[in-house]
Amino acid sequence: MGSYKLTDNAREDIDDLFEDGKYKFGHIQAIDYLIGLDELLETLAQSPTIGRYRNEIKQGLLSYPYQAHIVFYRIRDNQVVILRILYGGMDLPRRMK
């Protein structure tokens, strides 16, 4: 594999993560959080099957945790497509519909 693509929803999730993190923890910690998230996304691009299948939410959906968040993605045409990056305490099945 080797690459990933962010959907518009995932881009919005990242923007929200950053703004929320900056407000709660400060600019530097928010940047560090995004750097770690980017490293995880690169890892998923290289090894997409490390995630857990979440067929109970949607068929073919995978997820992988990142600190307080969960990355939801699919594998399509030899690429990882990042669908959402959501706070783990949310009603995740409802948010993924």
Side-chain angles (χ1 to χ4, degrees):
M1 288 239 161
S3 68
Y4 69 86
K5 175 185 170 186
L6 297 171
T7 63
D8 290 341
N9 283 336
R11 287 182 198 283
E12 288 176 23
D13 292 339
I14 289 171
D15 290 344
D16 292 345
L17 276 175
F18 178 73
E19 290 303 320
D20 190 50
K22 189 168 71 170
Y23 174 75
K24 290 180 180 174
F25 306 108
H27 187 82
I28 293 190
Q29 274 192 290
I31 293 287
D32 287 344
Y33 198 80
L34 291 186
I35 289 170
L37 177 61
D38 183 61
E39 290 170 358
L40 171 65
L41 298 180
E42 291 290 342
T43 299
L44 291 175
Q46 297 301 319
S47 304
T49 57
I50 65 172
R52 177 179 149 213
Y53 275 94
R54 302 299 298 266
N55 292 326
E56 78 279 6
I57 297 174
K58 282 189 178 179
Q59 195 66 30
L61 181 68
L62 291 104
S63 71
Y64 199 87
Y66 174 69
Q67 296 190 32
H69 291 83
I70 300 175
V71 176
F72 290 94
Y73 65 100
R74 290 187 182 274
I75 303 168
R76 286 194 191 132
D77 301 324
N78 293 324
Q79 186 178 50
V80 170
V81 179
I82 308 299
L83 303 172
R84 300 297 307 260
I85 303 164
L86 300 174
Y87 174 66
M90 292 179 170
D91 181 355
L92 298 171
R94 185 178 65 79
R95 292 294 299 259
M96 290 303 300
K97 291 186 178 188

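We're numbering straight along the sequence, starting at 1. Please read all numbers here as calculations on a predicted model, not as lab measurements.
With rounding to the nearest 0.5 angstrom, the CG atom of Leu61 is 6.0 Å from the CZ atom of Phe72. In this structure, the separation between CG on Leu34 and CD1 on Ile14 is 7.0 Å, given to the nearest 0.5 Å. Annotation: the span from Arg74 atom CZ to Leu62 atom CG amounts to 8.5 Å, rounded to 0.5 Å. Here the CG-NZ distance, from Leu83 to Lys5, works out to 10.0 Å after rounding to the nearest 0.5 Å. We find the CG-OH distance between Asp20 and Tyr33 to be 10.0 Å, quoted to the nearest 0.5 Å. The OG1 atom of Thr7 sits 8.5 Å away from the CD1 atom of Ile82 when rounded to the nearest 0.5 Å.
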Derivation of the side chain to side chain contact (heavy atoms under 4.5 Å, CB included) call for Val71 and Leu37
CA-CA 9 Å; Val71 176; Leu37 177 61; 4.0 Å; yes
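Looking only at side-chain heavy atoms (C-beta outward), Tyr87 and Leu17 stay at 4.5 Å or farther from each other.
Closest heavy-atom contact between Pro65 and Leu40: O-CD2, 3.9 Å. Contact detail for Tyr66 and Asp32: the closest heavy-atom pair is OH-O, 4.3 Å. Heavy-atom minimum distance, Ser63 versus Ile70: CB-CG2, 3.6 Å. Pairing each heavy atom of Ala30 with each of Gly21, the nearest pair is CB-C, 3.8 Å. In terms of heavy-atom proximity, Glu42 sits nearest to Tyr4 at OE2-CE2, 3.5 Å.
Remark: side-chain polar atoms of Tyr73 are paired, donor with acceptor, to backbone N or O of Gly51 under 3.5 angstrom.
Within a 6.0 Å radius of CD1 in Ile50, more than 12 heavy atoms belonging to other residues, nucleotides or ligands are found.
There is no path of hydrophobic side-chain contacts, each under 4.5 Å, that joins Ile35 to Ile28. Under the 4.5 Å side-chain heavy-atom criterion for grouping Ile, Leu, Val, Met, Phe, Trp and Tyr, Phe25 is not connected to Tyr23 through any hydrophobic cluster.
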